[in-house]
Every structure is written in structure tokens, then in C-alpha cells.
Amino acid sequence: MKKMPAALLFDVFGTVVDWRGSIAREAKMLLATRGYTLDWDAFARDWRARYQPAMERVRSGARGFVRLDVLHRENLVETLEAFGVTGLAEAEIDHLNRAWHRLDPWPDAPSGLARLKRASIIATLSNGNIALMVNMARHGGLPWDAILGAEVARAYKPQPEAYLRSCEALALAPGETMLVAAHNSDLAAAAAAGMRTAFVLRAQEYGDPGHEDAQARGDYDIIANDFHDLAEKLGIAAN
């Protein structure tokens, strides 16, 4: 292993937190009380499926930069329509949209991040906006040193600026940092920007062994099963 990275920058949705299970739970909590009996997992997947197309309109220049909270709410309205959900008050839609602020971490994430933090700066490098990331961290006990990513960079991954400006915010060269992610495309873009890379397997993100991210598909610096395994491979003692 090379010298310890000065900073470990983390993808968050799917890598640190379980968006699918959390969103399905939150949707059921609100909508079941209104008499809806939906496929809650399908609802979560549909909402998430609108994520990349919405960001692509920003990346392409078709619309100016807006925070992910705004895109999530627009996508939620479309998902509610697709599932035949009507009659919600604006405050109820806002509450459900903020479910992304209440995503639960994977079981190893809080303690694994605390372990990794002993050796390096740990920060987000997410498409999530600052308020979303801060609230999620407080909800899940995630001990970030800094919140970086799209809103700081004013660019959505996988645009190079999202990675480069996040490194620059820490006054670090890309090669002094490592992106930790469960997604091959994210890691490929980070590597192209000069960052080191660590793939962490999150087999339950989609629950599909055939999904493109169900295994590492690149020549990464580290491939790990979870954050404690990553710490082991970086040479960080358990205590």
C-alpha cells in the first residue's frame, strides 16, 4: 500500500447509507396511513431511477445548477403521479422529500468511519446538498470532518469538477486523496481526475447479484467488503 491518503472522500448514497430500505420505510410510514398499499421497494427504486436523468439536465447545461433537494422533490412529484398517489398536502410532500435527510447508515458505517477518521480526513463527495448531508450525518451518527461534493463544487458527479474542486477545497492534490465508493462509474471518473480509489461492496444496495455494481469492475487501489475491511487494508488498527 502506498502512503496513507491525506483524505478519504466518500460517495454517500448506497456507499454509506441504505437509500432503498430507508426510502421504502419512509414512504410506507406516510402513505400507508393514507390508505395506500403500494410496492414500497418499487416506489423507492422508481424515485431513485429519476435521479441521474434529473442531474443530467444540469450537467448538460439545459438548466442551471440547483440543489439535489430541489431535484428530489420534482422527481417525487413524478413518482407519486406514477403510483397513483393523490391528495397529499404540500407539507406532506415536503416531509417525504426530506426522507433523504433521514437515510439509515449501513451497520458498519458509523464505527468504520470513526476508525478511518483516526488516520485521515474523512469527508463526503456526494451529489447530495449540504443541508441534506448534515442532517443525514446527525441522524445516523456519521462523523464527517467536512461536507464536500456537488453543492460546494457547483457540479454533479461524474463531471470532473465535482472531484477536482472537492480536493481543492481541502488544499490537496487529487493524488493525495482517495474516493471510497460502491459504484464503478463513480470510481472510474475519480480515477480519471487523478484520485486514488477504493471499491466497497454493498451487495444489498439493489439486492441484485446481477447489478453492475455487485462486484468491482476496475483496477482499484483497494477492494473491500466494508469500512472496517477498508481500514484493515489501509493498516488502521481496530483500536
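Just so we're clear, the structure is a prediction, and the values are computed from it rather than from any experiment. Computation of the quantities below employed the complete heavy-atom set of this structure, encompassing side-chain atoms and omitting hydrogens, waters and symmetry-equivalent molecules.
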Worksheet item: Looking at L68 and Y156, what are the two nearest heavy atoms and their distance?
Response: N-OH, 3.1 Å

Worksheet item: Does some side-chain heavy atom of L230 sit less than 4.5 Å from a side-chain heavy atom of V180?
Response: yes

Practice prompt. Would you confirm whether the ring centroid of F43 sits within less than 6.0 angstrom of the ring centroid of Y36?
Written response: no

Worksheet item: CD/Q159 to CZ/R165 distance, rounded to the nearest 0.5 angstrom?
Response: 8.5 Å

Worksheet item: Any side-chain heavy-atom pair from L31 and V85 closer than 4.5 angstrom?
Response: yes

Worksheet item: Taking the side chain as C-beta and beyond, is there a heavy-atom pair between E212 and R217 under 4.5 Å?
Response: yes

Worksheet item: Would you say the side-chain atoms of N97 pair up with the backbone N or O of I93, donor to acceptor, closer than 3.5 Å?
Response: no

Discussion item. Check the orientation of H72 and Y51. Use parallel for under 30°, tilted for 30 to 60°, and perpendicular for over 60°.
Written reply: parallel

Response to the item:
Heavy atoms of G218 and N184 approach each other most closely as N-OD1, 4.0 Å

Discussion item. Using salt bridge (Lys or Arg N to Asp or Glu O under 4.0 Å), reason through R202 and D18 one step at a time and then give a plain yes or no.
Written reply: CA-CA 9 Å; R202 296 301 190 191; D18 172 18; over 6 Å; no

Worksheet item: Under 6.0 Å from the six-membered ring centre of W40 and within 45° of its axis: does the NZ or CZ of R25 meet both?
Response: no

Item to complete: Say whether R50 and T79, considering side chains only, have a donor N or O and an acceptor N or O under 3.5 Å apart.
Response: yes

Worksheet item: Under the 3.5 angstrom rule, does the side chain of D11 hit a backbone N or O of S126 as a donor-acceptor pair?
Response: no

Fill in: Test item: N135 side-chain N/O and A131 main-chain N/O as donor-acceptor pair under 3.5 Å
yes

Item to complete: Measure the shortest side-chain to side-chain distance between D46 and F83 over non-hydrogen atoms and say whether it is less than 4.5 angstrom.
Response: yes

Discussion item. I'd like to know if the side chain of D221 reaches the main chain of T197, judged simply by a donor and an acceptor atom lying under 3.5 Å from each other, with no hydrogens or angles considered.
Written reply: yes

Discussion item. Contact between I122 and P143 at the side-chain level, heavy atoms closer than 4.5 Å - yes or no?
Written reply: yes

Worksheet item: For C167 and P174, which heavy atoms make the closest approach, and how far apart are they?
Response: SG-CA, 3.9 Å

Worksheet item: Does P5 offer a backbone N or O that forms a donor-acceptor pair with the side chain of S120 under 3.5 Å?
Response: yes

Practice prompt. Give a yes or no answer on whether the side chain of D108 reaches the backbone of D226 with a donor-acceptor pair at less than 3.5 Å.
Written response: no

Worksheet, complete the sentence: d(R154 CZ, E161 CD) to nearest 0.5 Å is 13.5 Å

Response to the item:
For A182 and T15 the tightest heavy-atom approach is N-OG1, 2.9 Å

Practice prompt. Walk me through it: do R73 and E78 pass the test salt bridge (Lys or Arg N to Asp or Glu O under 4.0 Å)?
Written response: CA-CA 9 Å; R73 196 184 192 287; E78 294 177 0; over 6 Å; no

Discussion item. Within this structure, what is the CH2-CE distance for the pair W144 and M136, rounded to the nearest 0.5 Å?
Written reply: 9.0 Å

Worksheet entry | Flag side-chain contact, heavy atom, 4.5 Å: V134 against I147 | yes

Worksheet item: Would L125 and K157 count as a side chain to side chain contact (heavy atoms under 4.5 Å, CB included) if you check the C-alpha gap in whole Å, the side-chain angles of each, and the deciding distance to 0.1 Å?
Response: CA-CA 9 Å; L125 203 174; K157 295 188 297 180; 3.6 Å; yes

Worksheet item: Going by an N to O cut-off under 4.0 Å, is there a salt bridge joining R102 and E26?
Response: yes

Practice prompt. State plainly whether one hydrophobic cluster holds both L164 and F65, where clusters connect Ile, Leu, Val, Met, Phe, Trp and Tyr through side-chain heavy atoms under 4.5 angstrom apart.
Written response: no

Discussion item. Using 0.5 Å steps for rounding, measure from the CG atom of D145 to the CG atom of L148.
Written reply: 10.0 Å

Worksheet item: Heavy-atom distance under 4.5 Å between the side chains of N129 and W100, does that happen here?
Response: no

Fill in: Same cluster (ILVMFWY, side-chain, under 4.5 Å), W106 and L132
no

Worksheet entry | Any donor-acceptor N or O pair under 3.5 Å, side chains H183, E205 | yes

Worksheet item: Is there a side chain to side chain contact (heavy atoms under 4.5 Å, CB included) between V16 and L142 once you walk through the steps?
Response: CA-CA 9 Å; V16 180; L142 305 175; 4.0 Å; yes

Item to complete: Measure from the side-chain N and O atoms of D69 to the backbone N and O of G128, and report whether any donor-acceptor pair falls under 3.5 Å.
Response: no

Worksheet entry | salt bridge (Lys or Arg N to Asp or Glu O under 4.0 Å) assessment of R45 paired with D41 | CA-CA 6 Å; R45 290 172 183 270; D41 186 74; 2.6 Å; yes

Practice prompt. Look up atom CG in L88 and atom CG in L30, then write down how far apart they are to the nearest 0.5 Å.
Written response: 6.0 Å

Worksheet item: In terms of hydrophobic clustering (I, L, V, M, F, W, Y; side-chain heavy atoms under 4.5 Å; direct or indirect links), are Y163 and I130 co-clustered?
Response: yes

Practice prompt. Mind listing the closest non-hydrogen atom pair of L187 and A181 along with its distance?
Written response: CD1-O, 3.7 Å

Worksheet item: Does the pair R57/E74 count as a salt bridge with the N-to-O cut at 4.0 Å?
Response: no

Worksheet item: Same cluster for M4 and Y220 if Ile/Leu/Val/Met/Phe/Trp/Tyr side chains link at under 4.5 Å?
Response: yes

Practice prompt. Would you please test I23 and R48 for side chain to side chain contact (heavy atoms under 4.5 Å, CB included) and show each step?
Written response: CA-CA 9 Å; I23 292 298; R48 177 68 173 182; over 6 Å; no

Item to complete: Examine L172 and M195 and state if one hydrophobic cluster contains both, with Ile, Leu, Val, Met, Phe, Trp and Tyr joined whenever side-chain heavy atoms are less than 4.5 Å apart.
Response: yes

Worksheet item: Is there a side-chain contact between H139 and H101 (heavy atoms, below 4.5 Å)?
Response: no

Item to complete: Flag yes if more than 12 heavy atoms outside R138 fall under 6.0 Å of its CZ atom; otherwise flag no.
Response: no

Response to the item:
Rounded to the nearest 0.5 angstrom, the CG-CD distance for L170 and E176 is 10.0 Å

Worksheet item: Are R63 and E56 within salt-bridge range, i.e. N to O under 4.0 Å?
Response: no

Discussion item. Would T124 and L9 count as a side chain to side chain contact (heavy atoms under 4.5 Å, CB included) here? Give the steps.
Written reply: CA-CA 5 Å; T124 68; L9 304 182; over 6 Å; no

Item to complete: Please report the closest heavy-atom contact between K3 and R196, naming both atoms and the distance.
Response: O-NH1, 2.8 Å

Worksheet item: So does K117 have more than 12 non-hydrogen atoms from other groups sitting under 6.0 Å from NZ?
Response: yes

Practice prompt. May I have the step-by-step check of side chain to side chain donor-acceptor pair (under 3.5 Å) for Q52 and R59, ending in yes or no?
Written response: CA-CA 10 Å; Q52 288 293 344; R59 289 189 291 248; 2.8 Å; yes

